[in-house]
2 protein chains.
Amino acid sequence: MPYFDSASAAPLHPVARQALQAALDEGWADPARLYREGRRARLLLDAAREAAAEAVGVRADELVFTPSGTHAVHTGVAGVLAGRRRVGGRLVVSAVEHSSVLHAAAAHEGRGGTVAEVPVDRSGAVTAAGYAAALEPGTALACLQSANHEVGTVQPVAEVAEVCAAAGVPLLVDAAQSLGWGPVEGAWSVLTGSAHKWGGPPGVGLLAVRKGVRFSPRGPADERESGRSPGFVNLPAVVAAAASLRAVRAEAGEEAARLRVLVDRIRRRVARLVPDVEVAGDPERRLPHLVTFSCLYVDGESLLHELDRAGFSVSSGSSCTSSTLTPSHVLRAMGVLSEGNVRVSLPPGTTAGEVNAFLEVLPGVVAGVREKLGAHSVPGAVPAAPPVADSVELDALGLRCPQPVIELARAIVTVPVGGTVTVVSDDEVARLDVPAWCAMRGHAYVGEAPREVGVAYTVRRLV
Amino acid sequence: MPYFDSASAAPLHPVARQALQAALDEGWADPARLYREGRRARLLLDAAREAAAEAVGVRADELVFTPSGTHAVHTGVAGVLAGRRRVGGRLVVSAVEHSSVLHAAAAHEGRGGTVAEVPVDRSGAVTAAGYAAALEPGTALACLQSANHEVGTVQPVAEVAEVCAAAGVPLLVDAAQSLGWGPVEGAWSVLTGSAHKWGGPPGVGLLAVRKGVRFSPRGPADERESGRSPGFVNLPAVVAAAASLRAVRAEAGEEAARLRVLVDRIRRRVARLVPDVEVAGDPERRLPHLVTFSCLYVDGESLLHELDRAGFSVSSGSSCTSSTLTPSHVLRAMGVLSEGNVRVSLPPGTTAGEVNAFLEVLPGVVAGVREKLGAHSVPGAVPAAPPVADSVELDALGLRCPQPVIELARAIVTVPVGGTVTVVSDDEVARLDVPAWCAMRGHAYVGEAPREVGVAYTVRRLV
């Protein structure tokens, strides 16, 4: 039963499991104590810190362990912002950061700070110029992920670090998705990571703060972990995290090359085998194991459900699969389709056979969901009827993704080339998916206008 | 090699280890995901929450898991203070709370709030009347531990909860030390706990907030754990924590009775076998497994070192064993001696033979440390010389605990009954230990006066 969601969580690496077992026996005591059990725990903690610091590329005294990657991000962002309060209250982030960064940014705004978002291109990448433009005076901190968690696009961290250094602004890199694949290049200032993303246990994050970065921990004091991470250190998990980081790094080169081929195969074949599909993210500058695509006229929840029934575990950035019923902010920032979205992230060890099985099943699953939605008859699946009017307005109020786009696709052939279709929808997702549909099908997106109820989205038929 | 510091950390309970193993296999996925691995994780999380909630005595939807007991305290204190901001900014805590509570209180003061400390008696206990007096208008929250972590004294939580309820103030109970022994009685509002104190794994704290308590989480938003504990939930550890809480509770009655007898033996025999010793804490209303005593004319660090060499792992509240070189705030609040302090906390399964071996070794270890310090010749160990002056002043500047008290003990016999000895010391610990010595030896503590360098502490000889 292939599990293709390693970007969410991965089973424990065998090395992590061994290390955890051993550390449960040897490392349960308080490493701050002076007796033998405490000294033994201290030795394990010091060794784990050395190993993790080496993998990250910092000195051991620049790295602390936190209870999760989210804690590392929250602590790192708040600590630098507080340490550089006198410089100003401006925080710069990319539009496609992980929610932990965006939530930390929102909390900063809630405390009176300001936040600027650097946009991305259609592949999900920022540019160094985009950061340079955003680094106004008064900027306390800039944040950039090493690679995107939803579409896999690798960010130009070293270049952005250079423009940050030139502006005298520290750069925090959220390396959660890439740390298992290798160190993050460039002169960044702060780095965060999450062990359970690289096959380590849950309960361990990394926070590295390079010497010279002004850092002022917030919240109640605690003498542990250099005052940067309160609470009894989760030593068995820390030992397992460090051991597994070493182990996955040793295997990373070979495994990355292998998975890169499999992901290339998915990118190519999905585009060929599934009609009306958009494969997202940079095809070259990307994580080796991750690919995302969106299928027109399909709702993500049904797609995930049917893939799960077929034995494949994947995730989705579609609105219908989120607790807030909003589409992924990453897809939105990229301006790509969000309906029928599937993210495939292959865990180490994934075989070509598993990927082939997925590619065999996928087209039928998509077709099945479309059929249930009545979307198998959208053009050009069936011959178009002759145009009936120059412009058409559709009432799609109350319809949820992907229905407004299905109605739009049906209506477009009822107007002549040059004619318009206006969809009135109260589904927030339409704002993203109607323009994305236009881009995919070669029509012109005219724009939106508010209505008393809902919003009118107008499309001009071009083909 | 007996380990007698279970109040700091305990080896993993066998049930916790089994549960952890199983949950590493079954519970590594994200419980928020809809595929089978995610659903399996969700089932495990729900079951663990039910079990923990039952053990605490709340509904499952009132309990969240945090990365540590410290996180539970920090989140609980900050959340209620923020939720009741409109009521006022006053926080009431006992003087003997765990440092996590006191650090949260200090952070509250740093944000402009006020903190009132409820004093304790010489046994370390608060009174309901003490809380009633402190609950002035504008009090947002009161905190009280269920039992003290250094001397074992059980606090009158139910009575304090009653006066809090009468004043309309929620009571947060830090139950870290007692939760393995049983639920906390009384109508408290918020409760915190720490799994590694009851034989669960590190990396898990509990935060229970009863319905109706105004609670407003601080810090960046996160949808997990009802918005009260950010970060990927450490599910294998959570499962192990819940399973081991059930297991230790099932054994608690029998084990408590057994350890209570052993601790009674330590309390009695230490007082008899070791000269100039003070056994601290309430002899009856106390945790079953914990006892603390202090030895005059001994430094805690040497004592711990020698006990470790003899094979016994204990902790100490003496200043010389703390990273800040200040004595335990608990002993200070109780007004008991802090020099030569030893805390013994017996893990489940401790045998009578291990305790007897400790009692056999202890008198010799104390005598040995005293001999090294030249304190074996303090009165009444040797016949006193005839008094030489009505009042004596000792320059103890630069001497560290326990030397100032050793000098005082030597000097007191050089003055007649009714005469005074003044010790000038720049060791902060003298402020606690000189009066404590007077109480132990039957002399009168006259008071202190500042000097240009250090402080003068004056004692009147009475016997």
Side-chain angles (χ1 to χ4, degrees), chain A residues 1 3 5 8-12 17 20 24-25 28-30 32-38 66-71 73-74 77-78 99-100 103-107 194 196 201-203 205 219-223 230-237 301 304-305 307-308 312-315 321 323-324, chain B residues 1 3 5 8-12 17 20 24-25 28-30 32-38 66-71 73-74 77-78 99-100 103-107 194 196 201-203 205 219-223 230-237 301 304-305 307-308 312-315 321 323-324:
Chain A
M1 304 284 273
Y3 172 80
D5 194 24
S8 285
L12 210 55
R17 180 178 284 251
L20 187 67
L24 286 171
D25 291 329
W28 50 266
D30 185 343
R33 297 292 179 189
L34 304 174
Y35 43 70
R36 63 192 174 283
E37 294 89 349
T66 66
S68 71
T70 298
H71 281 91
V73 166
H74 291 177
V77 170
S99 59
S100 60
H103 288 153
S194 175
H196 81 106
D222 192 298
E223 73 280 8
F232 191 79
V233 64
N234 188 346
L235 186 55
E301 190 171 4
L304 257 55
H305 181 68
L307 285 170
D308 179 47
F312 297 93
S313 300
V314 299
S315 72
T321 65
S323 57
T324 53
Chain B
M1 303 286 271
Y3 171 79
D5 195 23
S8 285
L12 210 55
R17 181 178 283 251
L20 186 67
L24 286 171
D25 291 329
W28 51 267
D30 185 344
R33 298 292 178 188
L34 303 175
Y35 42 70
R36 62 191 175 284
E37 294 89 349
T66 67
S68 70
T70 297
H71 282 90
V73 166
H74 291 178
V77 170
S99 59
S100 59
H103 287 153
S194 174
H196 82 106
D222 193 296
E223 73 280 9
F232 191 79
V233 64
N234 188 347
L235 185 55
E301 191 170 5
L304 257 55
H305 181 67
L307 285 171
D308 179 47
F312 296 93
S313 299
V314 297
S315 72
T321 65
S323 56
T324 54

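Within every chain, numbering begins at 1; the chains are lettered A, B, ... in the order of the sequence lines, protein sequences first and strands thereafter.
Interface remark: A/V314 contributes backbone atoms only to the contact with chain B (heavy atom separation under 4.5 Å). For A/V73, no part sits under 4.5 Å from any heavy atom of chain B, backbone or side chain. Only the side chain of A/L20 has a heavy atom closer than 4.5 Å to any heavy atom of chain B. With a 4.5 Å cut-off on non-hydrogen atoms, A/A106 does not touch chain B at all.
The candidate from B/P67, B/A78, B/P201 with the greatest count of non-hydrogen atom pairs under 4.5 Å with chain A is B/P67. Among the candidates B/S100, B/S99, B/A10, the residue making the largest number of heavy-atom pairs closer than 4.5 Å to chain A is B/A10. When each of A/V233, A/D25, A/L304, A/D222 is scored by its heavy-atom pairs under 4.5 Å with chain B, the top score falls to A/D25. Your options are A/G231, A/A9, A/P11, A/P230, and the one with the most heavy-atom pairs under 4.5 Å with chain B is A/P11. Contact tally against chain A (heavy-atom pairs below 4.5 Å) for B/R17, B/E37, B/R36, B/E301: the top residue is B/R36. When the candidates B/G203, B/G38, B/A32 are compared by the number of heavy-atom contacts under 4.5 Å with chain A, B/G203 comes out ahead. Among A/D30, A/L235, A/L24, the residue making the largest number of heavy-atom pairs under 4.5 Å with chain B is A/L24. The most heavy-atom pairs under 4.5 Å with chain B, out of A/A237, A/S315, A/G219, A/G69, come from A/S315.
Remark: the A/R33 side chain and the B/S313 side chain contain no N/O donor-acceptor pair separated by less than 3.5 Å.
Taking the six-membered ring where the residue is Trp, B/H196 and A/F232 present parallel rings, their angle staying beneath 30° rather than reaching 60°.
Aromatic rings of B/Y35 and A/F312 (six-membered ring for Trp) have centroids beyond the 6.0 Å cut-off, not under it.
When side chains are defined from C-beta on, B/D308 does not count as touching A/L34, because their heavy atoms never get closer than 4.5 Å.
Contact record, B/H103 with A/A221: ND1-O, 2.9 Å, taken as the closest heavy-atom pair.
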